[in-house]
Protein chains: 2
Amino acid sequence: MTEPTRPMRRQDIRRENEKAILLAAEKVFAEAGFGGATMQLIADLAGLPKANLHYYFATKEELYRSVVQNIFEIWLQAANCFDAARGPVDGISAYIDAKMEISRRHPDGSKVWASEVMHGAPVLQDYMESTLREWTDGRVEIIRRWIEEGKMDPVDPRHLLYMLWATTQHYADFGHQIETLNGGKSLSDRQWREAKENIKRVILTGIGAQPA
Amino acid sequence: MTEPTRPMRRQDIRRENEKAILLAAEKVFAEAGFGGATMQLIADLAGLPKANLHYYFATKEELYRSVVQNIFEIWLQAANCFDAARGPVDGISAYIDAKMEISRRHPDGSKVWASEVMHGAPVLQDYMESTLREWTDGRVEIIRRWIEEGKMDPVDPRHLLYMLWATTQHYADFGHQIETLNGGKSLSDRQWREAKENIKRVILTGIGAQPA
DNA sequence: TTGCATCCTGACCGTATGGTCAGCTTTCAG
DNA sequence: CTGAAAGCTGACCATACGGTCAGGATGCAA
């Protein structure tokens with residue numbers, strides 16, 4: 001019995017319900033897109049009556065915004081790997097690992113994020129123009145320094161970042177395609193490890209940063 | 001006056017209207033997703049009354065299916081580059097060029113395709129299990145042969161393909177993000193060329209196929 | 001225990017959307 | 001020239017969806 005007794009404190013109720021709604025919403029938005037998602041479906045998945053959703057989130061847009069913001073946080077968090085590193089091998093390896101872990105553990109989030117961007121970022125445009133831009137500029141600077149210090153070949157930092165994003169997120173966003181091509185089965189632990197290793201090897205070798 | 005005289009032949013009318021509808025649909029589906037797209041919007045963009053859409057395409061699903069199939073054709077066509085090539089440098093270079101050209105000229109199509117796959121390929125599942133699988137297996141075999149012949153390092157062919165798809169399609173699917181990070185301007189000719197060169201260089205070097 | 005704020009929800013509403021259809025116009029084969 | 005087939009469309013319909021609300025249930029501070 002993991003189910004605790006009924007009486008919950010107010011705080012807990014709020015927290016748990018919001019969490020359940022956000023989780024359900026993430027999944028439904030990922031599977032159906034914003035337009036295809038319905039509050040009823042999200043409510044059912046969260047195990048709550050629809051009207052209760054509107055108690056916590058006034059509108060569909062507000063709920064969506066919360067979901068997308070959550071994802072953006074996670075996305076940015078993976079960034080820290082970069083800063084701690086002393087060179088491209090450490091930094092990029094760690095970043096690839098982190099992003100692949102997100103693709104594996106948070107595929108729905110990744111899809112919602114992809115969808116949001118594909119549709120022109122109607123909700124997150126301001127974040128992209130501020131936070132994301134700053135983050136990117138910072139990393140570009142780091143990569144530039146690595147190049148100057150001769151730690152890697154002179155590759156355009158921006159295109160390198162795009163490549164890292166694309167390659168890692170692909171395993172979440174196009175997970176269904178990958179599964180289909182994998183005989184309908186999701187990737188095993190081993191296959192995920194191989195994926196990571198392949199990406200790291202090709203990119204690190206490709207930018208001339210591999211020690212060997 | 002490029003506008004020809006009114007009287008059109010039946011055949012032309014049909015062809016032109018279908019083309020206009022398909023084009024409008026591709027754009028609207030790309031911008032709003034299947035659920036968010038409305039027949040009215042597509043009709044307006046195509047310059048036709050809504051009822052006329054239903055004359056050519058019975059349902060929204062049927063229209064969507066046509067759009068997605070069109071895209072899939074283009075997607076597969078880029079494949080030919082692979083077969084003609086005698087080695088990874090030629091083959092992969094040409095494939096990257098072709099796919100980048102698609103990303104640039106057909107971003108809406110790419111987005112619809114991405115959306116379709118992200119949502120679990122409800123319409124194209126059968127194609128993925130037949131045509132796409134066969135195509136992929138064929139290319140995997142080619143890459144394997146290149147490896148055996150010592151023309152490139154032993155990289156997992158599947159993960160290499162995913163990397164090619166991801167990297168090239170990213171420029172269409174996440175074009176809005178890239179534009180935003182590019183100061184709100186779309187990439188110039190020069191930037192597209194640099195993108196291609198960067199990708200080719202990193203990947204070809206990464207798999208040990210660069211002549212130099 | 002009491003009073004109040006928070007939490008919950010079935011029933012309801014207005015609107016937007018996919019789809020239909022009767023009847024019109026236009027093309028064209030014979 | 002004529003009739004039938006193809007093309008076209010305004011008006012209409014049923015439904016599904018986002019959102020509202022009145023009023024009941026519940027936790028909790030005092």
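So you know, we letter chains A, B, ... as the sequences are listed, proteins then strands, and number each from 1.
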Any side-chain heavy atom of B:Ile42 sitting closer than 4.5 Å to one from B:Lys60?
no
Does B:Leu22 have any side chain to side chain contact (heavy atoms under 4.5 Å, CB included) partners at least two apart in sequence or in another chain, and if so, which?
B:Phe57, B:Leu63, B:Ser66, B:Val67, B:Asn70
Is there a donor-acceptor contact under 3.5 Å from the side chain of B:Glu116 to the main chain of B:Val123?
yes
Students often get this wrong, so: under 4.0 angstrom with heavy atoms, is B:Ala37 touching a base, only sugar-phosphate, or nothing?
sugar-phosphate
Touch class at under 4.0 angstrom, heavy-atom based, for A:Glu62 against every strand present:
nothing
Strand-adjacent residues in residues 23-36 of chain B, judged by heavy atoms under 4.0 Å from DNA chain D:
none
Nearest whole angstrom, please: distance from the [atom2] of [N] to the [atom1] of [X].
{"X": "A:His54", "N": "C:dC7", "atom1": "NE2", "atom2": "C1'", "value": "16 Å"}
{"X": "A:Phe57", "N": "C:dC7", "atom1": "CZ", "atom2": "C1'", "value": "15 Å"}
{"X": "A:Glu16", "N": "C:dC8", "atom1": "CD", "atom2": "P", "value": "11 Å"}
{"X": "B:Lys50", "N": "C:dG19", "atom1": "NZ", "atom2": "P", "value": "9 Å"}
{"X": "A:Glu61", "N": "D:dC17", "atom1": "CD", "atom2": "P", "value": "16 Å"}

Under 6.0 Å between ring centres, would you say that holds for A:Trp146 and A:Phe82?
yes
Please tabulate the protein-to-nucleotide N/O contacts below 3.5 Å involving nucleotides 7-10 of chain D, giving atom names and distances.
{"from": "D:dG7", "atom 1": "OP1", "to": "B:Arg14", "atom 2": "NH1", "distance (Å)": "3.3"}
{"from": "D:dG7", "atom 1": "OP2", "to": "B:Arg14", "atom 2": "NH1", "distance (Å)": "2.4"}
{"from": "D:dG7", "atom 1": "OP2", "to": "B:Tyr55", "atom 2": "OH", "distance (Å)": "2.7"}
{"from": "D:dG7", "atom 1": "O5'", "to": "B:Tyr55", "atom 2": "OH", "distance (Å)": "3.4"}
{"from": "D:dC8", "atom 1": "OP1", "to": "B:Asn17", "atom 2": "ND2", "distance (Å)": "3.1"}
{"from": "D:dC8", "atom 1": "OP2", "to": "B:Asn17", "atom 2": "ND2", "distance (Å)": "3.2"}
{"from": "D:dC8", "atom 1": "OP2", "to": "B:Tyr56", "atom 2": "OH", "distance (Å)": "2.5"}
{"from": "D:dT9", "atom 1": "OP2", "to": "B:Asn52", "atom 2": "ND2", "distance (Å)": "3.1"}

Using distance alone, with no hydrogens and no angle criterion, decide if B:Asn198 and B:Glu194 have a side-chain donor and acceptor under 3.5 Å apart.
no
Between the side chains of B:His176 and A:Gln125, does any donor sit under 3.5 Å from an acceptor?
yes
A:Arg104, A:Lys200, A:Arg193 screened by salt bridge (charged side-chain N to carboxylate O under 4.0 Å, His left out) with A:Asp97, the one that passes
A:Lys200
Between A:Leu53 and A:Met39, the two heavy atoms sitting closest are CD2-O, 3.6 Å
Among A:Tyr127, A:Tyr95, A:Trp113, find the one that has a ring-ring contact (aromatic ring centres under 6.0 Å, His included) with A:Trp75.
A:Trp113
Donor-acceptor pair under 3.5 Å: do we get one between A:Lys60's side chain and the base of D:dG19?
no
